[in-house]
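Below is one structure, written out as structure tokens; comments come after it.
The analysis underlying the following values was restricted to heavy atoms, covering all of them including side chains, and did not include hydrogens, waters or symmetry mates. Below, chains carry the letters A, B, ... as their sequence lines are ordered, and counting in each starts from 1.
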Amino acid sequence: MFFKECKKIVFSLTFLLYIFVVFAMYISQFDSDTSETVPVPSAAAGDYGYTDKAIPETLMPNAVDGLVGEYLAGEFTTYPMGFYKKVKLTEKKKTALAAVITELTGLTAEELDSFDDYVHEGYSYTANENGDIILNYQEEVIPEITIPENLAYERFTELMAEADKIIGGGSYYSKNGISWFYSRVPKTYEEALAEYNHLVYDEKVTGAYARLFCDYAGIDLAVMPVFVSAALVSLDRKSRMSDLIYSRKISSAKLVFTRFAALVAVMLIPVAVTVVMANISVSSRYPDFTVDLLAIPKLAAVWLIPNVLLAAAVGMFVTEVSSPILAVFVQGAWWMASLMSSNELTGEISLFTLICRHNSLYKYETFERTLNLFTFNRIFYTILSLVLVGLTAAVYELKRRGIWNGLFSSWKNIFRKSAV
Amino acid sequence: MDVIEIKNVNKFYGKKQALKNVSLTINQGMFGLLGRNGAGKTTLMKTLAALHKKRDGSITVCGIPIENAKEIRAVTGYLPQDFAMYGGMTVYEALDYLGALSGMPKALRKKRIDALLKRVNLSENKNIKVKALSGGMNRRMGIAQALLHDPKVLIVDEPTAGLDPEERIRFRNLLCEVAEDRIVILSTHIVGDIEAACEDIAIMNGGEILWKGTVSELIRNAEGKVFSVRVQKKYLSQIKSGHIVTGMLMQGDYTTVRMISDTAPDIENVFPAEPNCEDAYIWCLYSHGCDVYGSEDVYGAAGGDS
């Protein structure tokens, strides 16, 4: 049965689409990102890029300046679910935010509101005597701000979280926002060298590349399997074979779990091929170093299999309950929401993050710090997938016995009553 | 104990009652279930195949209560009305797949598939794609799949609709052979199939069993109720509007009309005729108060493929 289901999947059009996307993602993202080796930092270079570092002495005044500036401008930039959105506060919320700013700066609401010299940062065009257009940069003008000396960094982060909450979330003052906009500092030579050494010696090159590989592959594997699984489950209906299969002796659980196992096994084949390609590609670029050939396969197994399991399970369940179109829509919406909400691309995950990100060869410490959460996350999605497949089997049995026809089993019969 | 016992079975689709107090006993051999489209035949067949849930009443198939779906599936073979298979598979692959779903070991599957393909005359087509089969070949493959796990009961729903006369005869003969050692339930709205293949029959209408018995009894019931008359064509519409016509034979300017009636129609030169199965079926519907008077359904129900 297992191999027969595998054969059905392998010869389906949706699987061809799946293969195309998996390889396209590999070639266009991972392969192109890794086309050059990471150079050994040179002491003479001077520029080593940036790193995220929470330095209260610089972070706090910059973030508070930003908050006061936006308060005076009367609008706040936010990125809910990754989409840009301007927010204007109600009077009640403005008052609440003023109280937060007062604690951050010592400025009262009255002092803030009476500040008439506020100028928004920006550019303006003027014409000189000759008629030439001149671009003028205007710095932002805000009150002189002094952060109280007794304001601890911990209290500062609490106040910023409160400000973000008042604004509605996704602002520059959220945890991710502060990390992304106010924690970026230039890397030193020593830091760059330490990172490089960690990459090539501690992580044996492939350890770091494994995270980048999984970061990219995890994106498409969180959605593409839904197409393949929805197509497989709906094939019986499409081929008018449902009754024929319902009438056979096989148990619903055995049939559904066999199909699920076949889906996962077949869909992991192209992933395994890209893992081998990644190993060959990375190790050939670092011929002078000892590489760990198991690093990418091991991490890919833990990181990517739950994505495949979940997308396949959602595809099976929603298709069985309703329709393949809805299955693609549900998983697509979940995927989009997860992708757009991951402002932080380097390892900041929660228990329910569907698409775990780590779009960097560095920042191992972030990955290590969230390793337990990451492990729970992957176990959670694995269990959730198995639960969904179990529910699929239950729904299949109900439909098989004519007890329930499913939701919206046909667009023409949306309100069709089930047979009793 | 190869017998199917159906007692007082009711079933609803929402508020619509699809089966009304259905009771039947079906023994080994061919059993015909005759009725118009929408009479409830398919619902009853699916209920017997454990694909539909009855609301009340009891059904046992070879001693197994219908609620034991897994055991029922093991002893029944089902050929649905709109039989189809994965078009991309070959005939052999499709049968092998269904055999695997029936829990048959590989060696047994191979043996049974070869034997069945030979029996349904498809041995030479075993490697062609299902989508390339003709309608008749497709139905024969349908029988092969239903017999694959050697069931005690074969449920065949409207199997000859759309087949040409030669394929229909071949298919009926095949069913009769199969019925030698098992129960075969043939559901159809084509009276000719029932007359040619079945001894025991039941007639359904509006979800009810209107009548059950043998084909001979059905015909006997219509004795003295069938009349024939040869009239000029110009009187045809007058006769059709006033009588239940079961057949017409055009002969030049004249037409020989068969009709059913409780008493001899008041038409000149009318004479009693020997009832055939179609006449008897229409008489059965009429005598049970079904609306057959002058409707086109008479022709459809009496033997048309439409």
Side-chain angles (χ1 to χ4, degrees), chain A residues 1-16 231-259 261-262 393-394 396-406 409-410 413-420, chain B residues 10-19 42-43 45-56 66-67 69-89 93-94 96-104 106 109 130-131 142 145-146 148-149 151 155 157:
Chain A
M1 264 305 294
F2 175 77
F3 291 107
K4 290 183 192 305
E5 294 297 341
C6 288
K7 197 174 171 187
K8 273 164 62 185
I9 299 161
V10 167
F11 289 107
S12 67
L13 274 176
T14 45
F15 184 62
L16 280 181
L232 177 71
V233 173
S234 63
L235 186 62
D236 291 351
R237 231 180 289 171
K238 194 177 152 196
S239 307
R240 291 182 287 121
M241 275 193 66
S242 299
D243 280 349
L244 209 55
I245 293 176
Y246 288 164
S247 67
R248 312 314 285 201
K249 189 182 157 192
I250 191 168
S251 74
S252 299
K254 187 176 177 186
L255 179 64
V256 169
F257 274 94
T258 303
R259 285 182 170 176
Y396 190 86
E397 182 64 21
L398 289 177
K399 291 172 82 174
R400 192 178 191 182
R401 286 170 178 253
I403 295 170
W404 190 52
N405 288 331
S409 50
S410 144
N413 298 320
I414 283 177
F415 299 109
R416 191 174 66 172
K417 288 176 177 161
S418 61
V420 178
Chain B
N10 288 291
K11 176 173 178 57
F12 289 77
Y13 292 113
K15 284 181 183 170
K16 191 188 171 198
Q17 189 163 6
L19 294 178
T42 296
T43 302
M45 301 293 252
K46 285 193 172 187
T47 307
L48 291 176
L51 298 174
H52 273 350
K53 195 185 175 196
K54 60 183 171 53
R55 191 164 89 168
D56 49 33
I66 201 75
E67 289 76 15
K70 192 168 183 180
E71 288 177 54
I72 293 288
R73 288 171 195 145
V75 297
T76 54
Y78 179 57
L79 175 58
Q81 189 173 353
D82 54 348
F83 170 73
M85 274 295 306
Y86 302 127
M89 285 186 176
E93 284 170 343
D96 193 45
Y97 180 75
L98 291 172
L101 288 175
S102 290
M104 296 166 67
K106 191 174 180 179
R109 292 203 302 266
V130 171
K131 64 186 170 194
Q145 67 78 24
L148 202 53
H149 56 295
I155 299 168
D157 196 2

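- Only the side chain of Leu148(B) has a heavy atom closer than 4.5 Å to any heavy atom of chain A.
- Contact annotation: the side chain of Lys4(A) approaches that of Asp96(B) to within less than 4.5 Å [non-hydrogen atoms, C-beta and beyond].
- Only the side chain of Lys7(A) comes within contact range of chain B, with heavy atoms under 4.5 Å apart.
- Within the 4.5 Å cutoff, the side chain of Tyr86(B) has no heavy atoms near those of the Lys238(A) side chain.
- Atom CZ of Phe3(A) is surrounded by 12 or fewer heavy atoms from other residues, nucleotides or ligands within 6.0 Å.
- Atom CE of residue Met241(A) and atom CD of residue Gln145(B) lie 8.0 Å apart, to the nearest 0.5 angstrom.
- Neither the backbone nor the side chain of Glu71(B) comes within contact range of chain A; no heavy atom of the residue lies under 4.5 Å from a heavy atom of that chain.
- Proximity to chain A is limited to the backbone of Glu67(B), based on heavy atoms less than 4.5 angstrom apart.
- Counting all heavy atoms, side chain and backbone alike, Asp243(A) lies closest to Tyr78(B) at CB-CE2, 4.1 Å.
- Residues Arg73(B) and Tyr246(A) come closest through the heavy atom pair NE-O, 3.3 Å.
- Between chain A and the residues Ile155(B), Leu98(B), Val75(B), the largest count of heavy-atom pairs under 4.5 Å involves Leu98(B).
- Note that CH2 of Trp404(A) and NZ of Lys53(B) are 15.0 Å apart. Values are rounded to the nearest 0.5 Å.
- Between chain B and the residues Lys8(A), Met1(A), Lys254(A), the most heavy-atom pairs under 4.5 angstrom are made by Lys8(A).
- The OG atom of Ser247(A) sits 13.0 Å away from atom CG of Leu48(B), with the distance rounded to the nearest 0.5 Å.
- At a threshold of 4.5 Å between non-hydrogen side-chain atoms, the residues Met104(B) and Lys249(A) do not count as touching.
- Summarising the geometry of Leu244(A) relative to Pro80(B), their closest heavy-atom pair is CD1-CD, 3.5 Å, with the distance given to 0.1 Å.
- Residues Ser102(B) and Arg248(A) have side chains that bring a donor and an acceptor to within less than 3.5 angstrom of each other.
- Going from atom NZ of Lys70(B) over to atom CD1 of Ile250(A) covers 8.5 Å, rounded to the nearest 0.5 Å.
- Put simply, of Ser252(A), Ser239(A), Ser251(A), the one with the most heavy-atom pairs under 4.5 Å next to chain B is Ser239(A).
- Within the 4.5 angstrom heavy-atom criterion, no atom of Lys16(B) approaches chain A.
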